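A note on names: the letters A, B, ... follow the listed sequences, proteins ahead of strands, and every chain is numbered from 1. Source: prediction; values computed, not measured.
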There are 2 protein chains.
Amino acid sequence: MSIEITIKLNKNLYLRDPQSSKLGQRIIKDSIVLIDKIGLEAYNFKKLAIQIGSTEASIYRYFENKHVLLIYLVSWYWEWISYLIDMRTMNIESAARRLKIIIKILAHASKNDPAISYVDQDVLHRLIIAEGTKAYHTKAVDSENQKGFFLNYKQLTDKIGKVILEINPKFAYPNALASNLFEMANNHCYFAQHLPRLTDVNVEGDDFSEVEIMLRYFAFTLIGKPNEAR
Amino acid sequence: MSIEITIKLNKNLYLRDPQSSKLGQRIIKDSIVLIDKIGLEAYNFKKLAIQIGSTEASIYRYFENKHVLLIYLVSWYWEWISYLIDMRTMNIESAARRLKIIIKILAHASKNDPAISYVDQDVLHRLIIAEGTKAYHTKAVDSENQKGFFLNYKQLTDKIGKVILEINPKFAYPNALASNLFEMANNHCYFAQHLPRLTDVNVEGDDFSEVEIMLRYFAFTLIGKPNEAR
DNA sequence: CACAAAATAATAGTATTACTATTATTTTTT
DNA sequence: AAAAAATAATAGTAATACTATTATTTTGTG
């Protein structure tokens, strides 16, 4: 017996719910692994079909195309981070302490949560770092936004922004700082590994603690409670 | 009579120097316009060839593929920003004043400089905002990095980082802040226009002054000279 | 200015990609 | 056990991302 947590996403993101069947779950699971392995540009439904022993046509009955599938994966990540924040900040009075926990989650994306078996969260984290922003950097942002494709990111930003405002109700840029912490977390993990001159932090293996420390310094210095900065 | 400024880029970025011929210059000029218009994904050398009344094969003699061409355009932008920084901060003693000028340049990417006729800088700025990060978010980052494809970004980061250190030699994250100011400038222009809930700034038309004010606030608060923050 | 060399254009062709359609087979539901 | 739904197998199309070949035009040099 075990608890399965299911992340529910906007119905516009898929044609058939991939969580509702074995094949659907394999599409998600193996897409994450395959995109991580060969990159979004080289990835396609043909290769995925071969990987999971199915056919292109069957995959197309779940997702319109690989771009929407990417948005599905990214949304899944946004929603999962949101869930982790709720779990781990529950019952904590101090907003500053809650923000520290949030920053830890953003930087480490946490180790695999066995409650969600059909997604390898570490690999997904790598994928988000490498390909995440492509989800919303597209000519169709506005129409996709109208369909609610980016709602999970907005809600996550709201959530973090509200904690920031709790710490300092006069802070002028709660949402900008919130989304920037998310973007920075991903960017500086990537920079440390591939373009180290663009950052000052080191990442050894999957130890992102320097990123976490930097984000904490940035956040608390900006919000203006210097005594909380450590 | 007039002065023409030419931006020289890493020779690995092209097969034949596009600045050396009419056709090459049209490839650059029209690529910027076409990518801005239809987006990087829909853009290809066939459409570009039709646009400039040439052929695919001719374009392939200048650039290996559209990805490398994108890196060329982004490098051009990085180098141009570097040039603008040099020009406009020349002879200014105060590092803080120099940083303010840098932030203004990052946010506005300046209006068209008639000294460079074959690139529409406003359109290029839009392109960088929308597609810029795709240049280095690719499976081949490491090998492309070795070929020096991202040198201009690193040099720009260095340059800004040094000014930051001049203001506060004890600041621990000069390069991270530098690259983050660059990324934030682009991101928040984009967010304000397409995903406003991810930011707190407004952008009306091409007036990015709120982005500039926010970046100034972030930078000077972090660097730690609060009296300079305005 | 004439000729060689280089660049470009025209044309054609290939393998892969991003799909759609049709029908057969298997699985699920009732 | 029959009906409905999902999947697999197969085939096909238009577009993409190139490469190759040859003809034509432009440019550079003696």
Side-chain angles (χ1 to χ4, degrees), chain A residues 11-31 34-35 37-73 118 131 134-135 138-140 143-144 149, chain B residues 11-31 34-35 37-73 118 131 134-135 138-140 143-144 149:
Chain A
K11 285 190 162 80
N12 291 323
L13 287 170
Y14 49 78
L15 303 170
R16 182 183 305 271
D17 184 359
Q19 303 201 58
S20 69
S21 74
K22 275 257 164 64
L23 180 61
Q25 289 179 214
R26 295 218 65 189
I27 290 172
I28 300 304
K29 194 185 178 76
D30 287 66
S31 281
L34 193 56
I35 296 173
K37 190 170 161 200
I38 66 177
L40 185 68
E41 279 69 35
Y43 162 92
N44 61 44
F45 284 178
K46 184 85 183 273
K47 289 175 187 166
L48 177 62
I50 292 166
Q51 173 92 359
I52 64 185
S54 180
T55 62
E56 259 184 293
S58 298
I59 295 166
Y60 273 107
R61 309 183 90 246
Y62 283 84
F63 290 100
E64 221 178 305
N65 53 52
K66 76 170 174 179
H67 178 242
V68 180
L69 187 141
L70 176 68
I71 299 176
Y72 182 96
L73 297 178
Y118 64 96
E131 318 276 10
K134 293 174 190 171
T138 161
K139 219 47 198 174
S143 67
E144 290 178 347
F149 282 16
Chain B
K11 286 192 163 77
N12 291 323
L13 287 171
Y14 48 78
L15 304 171
R16 183 183 303 272
D17 184 358
Q19 304 202 56
S20 69
S21 74
K22 274 259 163 65
L23 180 62
Q25 288 178 216
R26 292 217 67 188
I27 289 172
I28 300 305
K29 193 185 177 74
D30 286 66
S31 281
L34 192 57
I35 296 173
K37 190 171 161 197
I38 66 178
L40 185 67
E41 280 68 37
Y43 163 92
N44 62 43
F45 283 0
K46 184 84 181 276
K47 288 175 188 166
L48 177 63
I50 292 166
Q51 173 92 1
I52 64 184
S54 179
T55 63
E56 258 184 292
S58 297
I59 295 166
Y60 273 106
R61 312 184 87 245
Y62 282 84
F63 290 100
E64 223 180 304
N65 54 51
K66 77 171 174 180
H67 177 242
V68 180
L69 188 141
L70 175 69
I71 299 176
Y72 182 95
L73 296 178
Y118 63 96
E131 319 275 9
K134 292 173 190 171
T138 160
K139 218 48 198 174
S143 67
E144 291 179 346
F149 282 16

When you check every protein heavy atom under 4.0 Å of nucleotides 21-30 of chain C, what one-letter string (B, S, -) results, 5' to 3'? B---------
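Nearest heavy-atom pair across A:Ile52 and A:Leu23 is CD1-CD1, 4.0 Å.
One atom, CZ of B:Arg16, and another, P of C:dT8, lie 6 Å apart when rounded to the nearest Å. Summarising the geometry, the separation between CG on A:Leu15 and C1' on D:dT7 is reported as 15 Å, rounded to the nearest angstrom. Distance CD1 (B:Ile59) to P (C:dT8): 11 Å, rounded to an integer number of Å. Between the NZ atom of B:Lys22 and the C1' atom of C:dA6 there is a distance of 17 Å, rounded to whole Å. Look at CG on B:Asp17: it is 12 Å from P on C:dA7, rounded to the nearest Å. In this structure, NZ of A:Lys66 is placed 16 Å from P of C:dT16, rounded to the nearest angstrom. Following rounding to the nearest Å, B:Ile52 (CD1) and C:dA10 (P) show an atom-to-atom distance of 12 Å. Whole-Å rounding puts the A:Glu64 CD to C:dC19 P distance at 8 Å.
Listed pair A:Ser58 / D:dA8 meets the phosphate criterion, a side-chain N or O lying under 4.0 Å from OP1 or OP2. Neither OP1 nor OP2 of C:dA10 sits under 4.0 Å from any side-chain N or O of B:Ser54.
Listed by first and then second residue, the salt bridge (charged side-chain N to carboxylate O under 4.0 Å, His left out) pairs involving residues 17-31 of chain B are B:Arg26-B:Asp30 (not counting sequence neighbours).
In the region residues 42-50 of chain B, proximity to DNA chain D at under 4.0 angstrom, judged on heavy atoms, holds for B:Asn44, B:Lys47.
Between the two ends of the helix from C:dC1-D:dG30 to C:dT30-D:dA1, each summarised by a five-pair axis, the helix axis turns through 30° (rounded to 10 degrees).
Among C:dT8, D:dA8, D:dC18, the nucleotide with an atom closest to any side-chain atom of A:Leu23 is D:dA8. Listed candidates were D:dT7, D:dC18, C:dC19. Nearest to the side chain of B:Glu56 is D:dC18. Considering only side-chain atoms of A:Tyr62, the nucleotide from C:dC19, D:dT7, C:dA10 that sits closest is D:dT7. Nearest nucleotide to the side chain of B:Tyr60, out of D:dT7, D:dC18, C:dT8: D:dC18.
No contact: B:Phe63 has no heavy atom under 4.0 Å from any strand. A:Arg61 comes within contact range of at least one nucleobase, with a heavy-atom separation under 4.0 Å.
Residue B:Ile28 holds its CD1 atom at 10.5 Å from OH of B:Tyr14, rounded to the nearest 0.5 Å.
One side chain, A:Ser21 or A:Tyr62, offers a donor N or O that lies under 3.5 Å from an acceptor on the other.
Residues satisfying the side-chain contact (heavy atoms from CB on, under 4.5 Å) test with A:Glu41, not counting sequence neighbours, are A:Glu131, A:Lys134. By the side-chain contact (heavy atoms from CB on, under 4.5 Å) test, A:Lys37 is found to be paired with no residue, residues two or more places apart in sequence or in another chain being considered.
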